[in-house]
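A quick write-up on the structure given underneath.
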Number of protein chains: 2
Amino acid sequence: MLNQNVSNTVAALPCTSCLRHSACLGACVQDAVGAEGENACITTMTLQRGQPLFRAGDAVDAVYIVQSGALKSRRHSYNGEEEIVAFRLPGDSVGLDAIGNREHGTEAVALCSTRVCQVPLTTLRREVHASPAVASHLLDDLGREIGQLQEHLRDERRTAQVRIAAFLLAQLQRRRRLFGAQIDRFTLPMTRIDVGRFLGLATETVSRMFTRLQTDGVIACEGNSVQVLDSTMLARLADVAESFQPLARVA
Amino acid sequence: MLNQNVSNTVAALPCTSCLRHSACLGACVQDAVGAEGENACITTMTLQRGQPLFRAGDAVDAVYIVQSGALKSRRHSYNGEEEIVAFRLPGDSVGLDAIGNREHGTEAVALCSTRVCQVPLTTLRREVHASPAVASHLLDDLGREIGQLQEHLRDERRTAQVRIAAFLLAQLQRRRRLFGAQIDRFTLPMTRIDVGRFLGLATETVSRMFTRLQTDGVIACEGNSVQVLDSTMLARLADVAESFQPLARVA
DNA sequence: ACGGGGCCTTGACCCCGATCAAGAACGGGG
DNA sequence: CCCCGTTCTTGATCGGGGTCAAGGCCCCGT
């Protein structure tokens with residue numbers, strides 16, 4: 001039961017040496033501030049599994065970018081259950097959804113050992129005016145956030161199997177974008193419980209769908225390690241909808 | 001079957017005389033551009049019921065603000081069904097969800113005779129740099145958009161009755177903010193079909209929930225005109241969840 | 001090695017809401 | 001005025017997935 005609010009601030013590597021430099025809002029801000037040899041505005045922090053980056057109700061004073069690891073953005077539903085709004089993987093911005101608010105409405109929690117870069121909001125605000133590149137990058141990230149939510153909303157109306165398939169496919173594609181073209185094996189940083197709370201499914205249903213995909217030979221998994229055996233089939237299950245051949249394929 | 005793409009451009013009233021001046025992104029931009037006596041940058045348009053403001057795939061070249069009437073922002077789900085992402089009422093921005101993209105991912109269609117103000121994107125982009133007020137207002141609107149989507153996502157996991165109750169309550173509160181404190185009667189600009197496609201429910205279910213709320217004495221309605229008889233009860237139904245006493249109240 | 005607490009899986013049951021079907025009410029156009 | 005398409009309502013049926021229950025697994029701390 002990790003619950004400490006502490007987070008270790010460590011020396012930041014210069015943004016220019018970061019692998020994700022070109023797609024990172026923070027690096028963009030850093031460039032705008034000016035190359036003073038090192039990171040004038042960006043702090044790096046490491047979180048342990050279960051450790052919050054910020055909590056609901058905290059003042060909004062910074063935006064974060066995931067460098068490695070993973071987080072979940074969550075809130076509490078009316079009946080007190082955890083409800084996961086998004087998973088944040090390397091390159092993602094965290095905390096943007098609170099822009100325009102004074103307090104965070106969601107909280108971000110590390111799913112595993114995770115390193116994030118922190119960009120102070122004052123700096124971001126200032127550079128939005130000073131630099132068209134920063135403004136454009138910020139709008140892009142906000143647009144992506146909105147797009148993700150709309151996509152998520154669309155998912156909510158599909159069957160459990162389709163949702164799981166789409167989820168796994170998205171994870172796969174994400175890894176490919178991050179690590180290379182033809183990865184077919186990856187580790188899910190989140191539990192089945194988390195997946196359920198993200199997709200709006202009971203844990204048992206998530207589990208059942210995983211087993212079904214395995215018996216159908218679409219994936220193989222061992223714990224949180226997933227291998228996609230038949231990505232074509234996975235894509236078909238995720239997209240076509242209305243292809244409810246539960247287990248038996250039509251002969 | 002209205003399907004014309006034409007929209008009538010009419011002379012704009014000066015923003016300063018608009019009732020929603022203070023809360024309007026467009027007015028904010030107009031103020032920043034400078035009071036040249038009239039609206040240098042803002043165009044007003046009137047749409048008829050069924051007429052699109054823009055279509056999915058259209059180039060993103062402006063943001064709109066609803067002056068009167070109502071629209072729906074929609075997209076197509078994978079199986080081709082209409083899926084409603086948001087309803088836009090007076091004061092709402094339309095098209096912001098495409099910021100950061102080159103093409104609209106959703107399309108906006110008028111639900112009734114509707115007047116909107118158009119703010120060209122080039123102007124908006126320029127003023128974001130020039131004016132802190134505009135930048136701040138834009139971020140606020142984007143934050144609101146994100147907040148709405150997150151809220152919508154939360155709704156999707158509740159029972160039909162709760163969703164309908166929450167929807168009606170939101171509509172009521174919205175009218176009160178627009179028109180005055182103690183309104184209890186309003187007209188829904190959208191059909192039951194639209195409500196269903198917004199909430200992810202079958203039309204029949206929407207209809208049944210409306211009847212249930214009526215027989216329970218929570219609302220009275222006649223066509224699209226809704227009167228809230230017991231707003232306390234409505235709020236209770238919308239919030240508390242887990243209060244599934246389908247029809248029979250516990251004695 | 002042992003105990004305990006998460007996490008995962010599988011089975012059985014049942015309820016909410018989708019779907020199918022049919023009719024009523026409404027509204028606009030000829 | 002009637003006709004016809006759309007919307008709304010109500011009933012009947014069925015199945016996807018939530019819920020409850022039980023057991024196995026894994027990891028961690030002692």
Side-chain angles (χ1 to χ4, degrees), chain A residues 1-3 48-50 77 79 81-83 111-112 155-165 187-197 199-215 219 221-226 237 241-248, chain B residues 1-3 48-50 72 77 79 81-83 111-113 155-165 187-215 219-226 237 241-248:
Chain A
M1 192 62 58
L2 294 162
N3 221 1
Q48 297 309 313
R49 173 179 157 82
S77 70
N79 57 41
E81 288 285 299
E82 179 188 47
E83 207 172 78
L111 293 171
C112 53
D155 277 348
E156 294 270 334
R157 313 208 172 155
R158 310 207 258 164
T159 64
Q161 176 164 22
V162 176
R163 270 186 272 188
I164 294 288
T187 300
L188 292 174
M190 67 293 280
T191 68
R192 310 286 144 106
I193 299 175
D194 286 333
V195 175
R197 289 180 180 168
L199 295 178
L201 297 172
T203 313
E204 296 92 323
T205 306
V206 176
S207 187
R208 270 185 259 269
M209 294 306 142
F210 269 74
T211 30
R212 179 184 291 184
L213 286 173
Q214 282 182 89
T215 57
I219 62 170
C221 59
E222 197 180 313
N224 286 334
S225 168
V226 177
L237 288 173
E242 309 317 271
S243 68
F244 307 153
Q245 306 306 344
L247 270 176
Chain B
M1 190 61 59
L2 294 163
N3 219 359
Q48 298 310 315
R49 173 179 157 83
K72 55 181 173 184
S77 70
N79 57 44
E81 289 286 298
E82 179 186 48
E83 206 172 78
L111 293 170
C112 53
S113 183
D155 277 347
E156 293 269 336
R157 314 210 170 154
R158 309 207 257 165
T159 65
Q161 176 162 24
V162 175
R163 270 186 272 187
I164 294 288
T187 300
L188 291 173
M190 69 292 282
T191 68
R192 311 284 144 107
I193 300 175
D194 286 332
V195 175
R197 288 180 183 169
F198 176 64
L199 295 178
L201 296 172
T203 315
E204 297 93 321
T205 307
V206 176
S207 186
R208 269 185 260 270
M209 294 306 143
F210 269 74
T211 1
R212 179 184 291 183
L213 287 173
Q214 281 181 91
T215 57
I219 63 171
C221 58
E222 200 179 312
N224 286 334
S225 167
V226 177
L237 288 173
E242 309 317 272
S243 66
F244 308 151
Q245 305 306 342
L247 269 176

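Quick note on labels: first sequence line is chain A, next is B, and so on, each numbered from 1.
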Let me confirm one number: the [atom1]-[atom2] distance from [X] to [Y], rounded to the nearest 0.5 Å.
X: B:Leu201; Y: B:Met209; atom1: CG; atom2: CE; answer: 8.0 Å
X: B:Glu83; Y: A:Glu156; atom1: CD; atom2: CD; answer: 10.5 Å
X: B:Ile219; Y: B:Thr211; atom1: CD1; atom2: OG1; answer: 8.5 Å

Using whole Å, what does the distance between atom [atom2] of nucleotide [N] and atom [atom1] of [X] come to?
X: A:Arg192; N: D:dC26; atom1: CZ; atom2: P; value: 13 Å
X: B:Arg212; N: C:dC16; atom1: CZ; atom2: P; value: 8 Å
X: A:Met209; N: D:dG17; atom1: CE; atom2: C1'; value: 8 Å
X: A:Ile193; N: C:dT9; atom1: CD1; atom2: C1'; value: 12 Å
X: B:Gln214; N: D:dT10; atom1: CD; atom2: P; value: 8 Å
X: B:Asp155; N: C:dG17; atom1: CG; atom2: P; value: 13 Å
X: A:Leu199; N: D:dG16; atom1: CG; atom2: P; value: 18 Å
X: A:Ile164; N: D:dG16; atom1: CD1; atom2: C1'; value: 14 Å

Of the listed nucleotides (C:dC20, C:dA18, D:dT19), which one gets closest to any side-chain atom of A:Ala202?
D:dT19
Which nucleotide in the list C:dC20, D:dA21, C:dG17 gets nearest to the side chain of B:Thr159?
C:dG17
Can you give me the closest heavy-atom contact between [X] and [Y], atom names plus distance?
X: B:Ala165; Y: B:Leu237; answer: CB-CB, 3.8 Å
X: B:Thr205; Y: B:Ala160; answer: CG2-CB, 3.7 Å
X: B:Leu111; Y: B:Met190; answer: CD1-CB, 4.0 Å

Rounding to the nearest 10°, end axes of the helix from C:dA1-D:dT30 to C:dG30-D:dC1 built from five pairs each make an angle of 40°
Reading DNA chain D from 5' onward, which residue's closest nucleotide shows up sooner: A:Thr205 or B:Gly223?
B:Gly223
[X] vs [N]: side-chain N/O to OP1/OP2 distance below 4.0 Å:
X: B:Arg208; N: D:dT9; value: no
X: A:Asn224; N: C:dC8; value: yes
X: B:Thr191; N: D:dT6; value: no

Check this for me, if you would: do A:Arg157 and B:Glu81 make a salt bridge, where the nitrogen-to-carboxylate-oxygen distance has to be below 4.0 angstrom?
no
Just checking [X]: base, sugar-phosphate only, or nothing, at a heavy-atom cut-off of under 4.0 Å?
X: A:Gly200; result: sugar-phosphate
X: B:Ser207; result: base
X: A:Ala160; result: sugar-phosphate

Any donor-acceptor pair, under 3.5 Å, between the side chain of B:Gln161 and the base of C:dC16, if you only look at N and O atoms?
no
B:Arg163 or A:Asp194: which one's nearest nucleotide on DNA chain C is closer to the 5' end?
A:Asp194
Using atom types as modelled and distance alone, determine if a side-chain donor or acceptor of A:Arg163 lies under 3.5 Å from a backbone N or O of A:Arg158.
yes
